[in-house]
Chemist: 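Supplied in structure tokens, the structure appears directly below.
Only a predicted model underlies this, so the values are computations on that prediction, with no experimental measurement involved. Chain A is the first sequence line, chain B the second, and so forth, proteins listed ahead of strands; every chain is numbered from 1.
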Protein chains: 2
Amino acid sequence: MAVTVKDVAKLAGVSAATVSRVINDDPRISEETKKRVMECIEQLNYKINNIARSLKTNKTYTIGFICPEIPNEFFMTIAKGIEDWLRKHGYNVIICNSNESIKGEEERIKLLCEKCVDGMIVIPVSNQGKHFNRLKELDIPVVLVDRLVENFTTDAVLIDNINGCYSAIEYLINHGKKRIGFIGGDLRLTSGSERYEGYKRALKDYCIPLEEKIIKFGDFHIQSGYELMKELMEIDDPPQNVFIANYFMHIGATKYLIENKEKLKYPVSITITAG
Amino acid sequence: MAVTVKDVAKLAGVSAATVSRVINDDPRISEETKKRVMECIEQLNYKINNIARSLKTNKTYTIGFICPEIPNEFFMTIAKGIEDWLRKHGYNVIICNSNESIKGEEERIKLLCEKCVDGMIVIPVSNQGKHFNRLKELDIPVVLVDRLVENFTTDAVLIDNINGCYSAIEYLINHGKKRIGFIGGDLRLTSGSERYEGYKRALKDYCIPLEEKIIKFGDFHIQSGYELMKELMEIDDPPQNVFIANYFMHIGATKYLIENKEKLKYPVSITITAG
DNA sequence: CCATGTTATGCACACGATTACATTCTATTT
DNA sequence: AAATAGAATGTAATCGTGTGCATAACATGG
């Protein structure tokens, strides 16, 4: 049905091997036959069969990207960056959605292994992940993004969560704020625990006692930010400054403040961190 | 290196063909050997090589999804739905970004063809697209979503833009609003032109004259909504009701109204349509 | 003139699975 | 007992490429 190297070879009067070499820019092929073969390729509208090529070369030029949520601007902006870069370098990307679940993540990793991807980029859903060991066995390169996985060492692209938050808190303190509330994320994620760590360190270094009732932990989502801000504002003496550990929770928290403007005892200001 | 059917066959004392049949649930294989082969598969941790399988069967169980923008909640919500459904049915999805450009769209289509996908789902960037003809030639099934392409007939999932907008405008009229501004999208997209069509029809049916200066067209993005609402509010006699043809432009438009509350001559209400 | 090097190309097998066809074996029928 | 049918499995070709090795033609040097 489809045109193959053999068809091209026959038309050009050469062997299939020669056609293959032309396709792969083998320098040993003479300019003359190269030109002739190219013309035949054009004429027959030959398209290489990447499946066959991959079977032979063991390379798919495909990278898998697993993220916890697809309709999420933070993750998708990363996805776009990955896709742009890899495309320029001849690779393409399969974007998968682990759906915030370890089981989902495990399934996608399995899927991508079966798809024979050349490598994977993963934003882990938690710091637990023995399913990553499969990748070590199969010798598939992995790069983690934003979060780490325990007992699995590999390259990773991370935010300096601790120092980033430390600086933010330090800034507030230097501007005279001493009672700073904290709305953080899941402590099982490095992005959750490390940002909390930065908060704690800054307070400690400036001799401000940790005040448990103005510290709340959510799940990095809008709704969670809304609820935690509500809890925070409903205690007897709410803080006037609140540090929020990510963008989405900040949206929820802001929403609460706007909706309940008149209820607040005094103005509240918010500081957030990237991610 | 990797375990193949041959290795399993040798261990189980059968032929490679039998192993293949077990994998594919061929009913002719006796329960006994089936069980033995399965054990060997388990023991060797055999994983099928989908590349080889695809080469032989001409099926990849992969569907390509091309959308104009990846970090876009509207498109990604669709992507999630597609992925969920297809996964359940044994397929997986390659999500591509045409980047709002015809050239980008053409490239992705080419890419997916070379990847030998079994089919494609496309949200076209415009109503122009002769590059779609390639798919006809290669006999690759396509489903369009949200927008149509001229001179290319295939299945499509569409919103009833005309009647949807008609109803919205009708609703406003029935509630006593007679002067209704319109902020629409690119007329080269069906989602742009059809929604405008619905607006026009409703006005006509209720004998309300079309007033050009309160009709604006943008590009369905937030910024565009902001600017058009600005233009609309800066004319001498701005409309008190505005219909906005999609979600993102509505965000921008609302932003303008909130930021310029005090400037407005009177309250303005907004009605939007899905998508 | 022979030995050797260089260049251009062909041959044939391999990649790992699927599958049409052939074979073997057992059970049943005539 | 021979013939036949049916079930279970094996044999071998095939999918479309890539590539090590062999080959052939020609040039170069001694």
Chemist: If the plane angle is over 60° it's perpendicular, under 30° parallel, otherwise tilted; pick one for A/F248 and A/H221.
Modeler: parallel

Chemist: Can you find a side chain N or O atom of B/S30 that sits less than 4.0 Å from OP1 or OP2 on D/dT9?
Modeler: yes

Chemist: So, B/R108 and A/E83, do they make that salt bridge, N to O below 4.0 Å?
Modeler: yes

Chemist: B/K6 NZ to C/dT18 P: how many Å, rounded?
Modeler: 13 Å

Chemist: Write down the distance between NZ (B/K35) and P (D/dA8), rounded to a whole number of angstrom.
Modeler: 17 Å

Chemist: Ignoring the backbone of B/S15, work out which of C/dG10, D/dG10, C/dT18 is nearest its side chain.
Modeler: D/dG10

Chemist: Can you tell me if the side-chain N/O atoms of B/T18 get under 4.0 Å from OP1 or OP2 in D/dG10?
Modeler: yes

Chemist: Between D/dG16 atom P and A/N50 atom CG, what is the distance in whole Å?
Modeler: 14 Å

Chemist: So, do A/F217 and A/Y196 have ring centers that fall under 6.0 Å from each other?
Modeler: yes

Chemist: Nearest to the side chain of A/T33, heavy atoms from C-beta on, is which of C/dT9, D/dG16, D/dG18?
Modeler: C/dT9

Chemist: In whole Å, what is the span from the NZ atom of A/K59 to the P atom of D/dG18?
Modeler: 14 Å

Chemist: So what does B/V14 touch, heavy atoms closer than 4.0 Å: a base, only the sugar-phosphate, or nothing?
Modeler: sugar-phosphate

Chemist: Can you measure B/E31 atom CD to D/dA8 atom P for me and round it to whole angstrom units?
Modeler: 9 Å

Chemist: Considering every strand and a 4.0 Å limit on heavy-atom distances, what is the contact class for B/L55: base, sugar-phosphate, or nothing?
Modeler: base

Chemist: Please work out if A/N58 contacts a base, only the sugar-phosphate, or nothing of the nucleic acid, heavy-atom cut-off 4.0 Å.
Modeler: nothing

Chemist: Which donor-acceptor pairs under 3.5 Å do side chains of residues 32-43 of chain A form with protein atoms, sequence neighbours excluded?
Modeler:
from: A/T33; atom 1: OG1; to: A/S30; atom 2: O; distance (Å): 3.2
from: A/T33; atom 1: OG1; to: A/S30; atom 2: OG; distance (Å): 3.0
from: A/R36; atom 1: NH1; to: A/A12; atom 2: O; distance (Å): 2.4

Chemist: Within this structure, what is the NZ-to-P distance between B/K10 and D/dG10, rounded to whole angstrom?
Modeler: 15 Å

Chemist: Between B/A52 and B/G13, which residue's closest nucleotide on DNA chain D lies nearer the 5′ terminus?
Modeler: B/G13

Chemist: Measuring from the side chain of A/K56 (C-beta onward, heavy atoms only), which nucleotide among D/dG20, D/dT11, D/dG16 has the closest atom?
Modeler: D/dG16

Chemist: So which nucleotide from D/dT17, C/dA17, C/dT19 ends up closest to the side chain of B/R53?
Modeler: C/dA17

Chemist: Looking at B/K88 and B/D84, does any basic side-chain N land under 4.0 Å from a carboxylate oxygen?
Modeler: no

Chemist: Decide yes or no, distance alone: a donor-acceptor N/O pair under 3.5 angstrom between the base of D/dG10 and the side-chain of B/R28.
Modeler: no

Chemist: Let's see if you can work this out: which of C/dA17, C/dG10, C/dA20 has an atom nearest to the side-chain heavy atoms of A/A17?
Modeler: C/dG10

Chemist: Rounded to the nearest Å, what distance is computed from the CD1 atom of residue B/I48 to the P atom of nucleotide C/dC15?
Modeler: 17 Å

Chemist: Please work out if B/I29 contacts a base, only the sugar-phosphate, or nothing of the nucleic acid, heavy-atom cut-off 4.0 Å.
Modeler: sugar-phosphate

Chemist: Inspect the contact between A/E107 and B/R87 and indicate whether a charged nitrogen and a carboxylate oxygen are less than 4.0 angstrom apart.
Modeler: yes

Chemist: Taking CG from B/N49 and P from D/dC15, how many angstroms apart are they, rounded to a whole number?
Modeler: 18 Å

